[in-house]
Structures are given as structure tokens and as C-alpha cells.
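Fair warning: this is a prediction, and the values are worked out from it, not measured in the lab. Every heavy atom of this structure was used, including side-chain atoms; hydrogens, water molecules and symmetry mates were not.
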Amino acid sequence: MRMPSRRTAVVSVLAVLAAGAAVLLLTPARGGVCFERLGGPGPNSNTSRLDTTLDIPADQWPDVARIMGDFGAERRWTVESGPGRDDPAYAWLDMCDTATIVRAGNRNGEGGGIGFGIIHMAYQGPEALAWQPHYRELHRRLEARWPGRMRYVEGEFGERIARPDWVDE
């Protein structure tokens, strides 16, 4: 059995590397936000969640973003800023692990306010409420900074609700 020449081996390795590079370059990038990366449909009426708005001025968004960023970084979650980075009227963070997603935004440019929401990609069973411990901890931090400024919105259609009892468990 004849061994391939050194030149043939080098050409073969280069061909494999070129093919790999072509695949990487031609494969579309995965989405940058948690829903896209996790392959989820996004929040809907089956999603266990709670959205919260903070009754604070828009110029305090950087403080909210810092608290949110620290919260995500402590958990080694992906912490991303999103569209509107150059627009002070709109900015958002997106944090997630394999199933829990936390989004925070300053939506003053769209008629909304500063707020955050937490959902979980498991829609049924006990895992559906796995976001609640994360919510309680984040809520505690934000409420310590802005006591009494939280407003609660539940569900896909954004109905305002009273402070849920489980927040204080």
C-alpha cells in the first residue's frame, strides 16, 4: 500500500478546511434573541409569565439596565442589548438560560415605559412556573431601588393586575 505524498495530504487538509469555511459562511446566523435561539414561538396566551412596568422617568433606564445586566451576568446568562442602542428613547436587554427568558425595555419611544417581563418556554406542568424564583429576585432588587413604583401586567393582552401574593413568598 502506497502512502499519500506530503503534497497530497496538505491539499486534502486545505480542501477540508475550505469546505468547512464555506459551510460556516453560507449558513445563516442564528437569531440573536432568546426566542429565536431557543426555537420558541414567542410569548402567547399559554405562556406562564408576568410583565412589570416601573413608574420611573426614562432617564433612569441606565440604572435599570445595569441592575438587569448584573442579574443576568451573575447567572451566566446571555445578556444582550437589542435594537435601539443608539436611540435613547428605546433600548432593551434580553437575558436567558435554556428555558427562562427575561426581557427588559425602555419603550418610551413607542408610548410605553420602562419595564420587564419574565417567561418560561415550558408551557405545561410544574416547569411552567420555573420563572417565578428569578422574578422574585429581580423584583426584590428593582423594588429596593424604586420602592412602590412597580405595576403588574399579566398575560398576552396586558391586563393590569394587583401585586401577586407569590411575589412576597
Sub-4.5 Å side-chain heavy-atom contact between [X] and [Y]:
{"X": "V102", "Y": "Y135", "result": "no"}
{"X": "R66", "Y": "W61", "result": "no"}
{"X": "R145", "Y": "D63", "result": "yes"}
{"X": "L142", "Y": "M68", "result": "yes"}
{"X": "I118", "Y": "I101", "result": "no"}
{"X": "W77", "Y": "T100", "result": "yes"}
{"X": "T78", "Y": "D94", "result": "no"}

So, the side chain of R75 versus the backbone of F71: is there a donor-acceptor pair under 3.5 Å, distance only? yes

For the pair R149 (side chain) and D55 (backbone), establish whether a donor and an acceptor sit closer than 3.5 Å, ignoring hydrogens and angles. yes

Please find out if less than 6.0 Å separates the ring center of H139 from that of Y152. yes

Taking only residues two or more places apart in sequence or in another chain, which ones pass side chain to side chain donor-acceptor pair (under 3.5 Å) with W166? none

Under the side chain to side chain donor-acceptor pair (under 3.5 Å) test, residues paired with H134 that sit two or more places apart: none

SB check D168 R163 (cutoff 4.0 Å): yes

Roughly how far, to the nearest 0.5 Å, is CG of N106 from CG of L93? 10.5 Å

Could you give the distance from CD1 (I114) to CG (L54), rounded to the nearest 0.5 Å? 7.0 Å

Show the nearest heavy-atom pair for residues E143 and M150, with the distance to one decimal. N-CE, 3.8 Å

Nearest heavy-atom approach of L50 to P164 is CD2-CG, 3.9 Å

Which is it for R103 and E80 under the salt bridge (charged side-chain N to carboxylate O under 4.0 Å, His left out) test, yes or no, and what are the steps along the way? CA-CA 10 Å; R103 287 192 166 170; E80 302 174 59; over 6 Å; no

Side-chain donor-acceptor pair present, Q60, W146, cut-off under 3.5 Å: yes

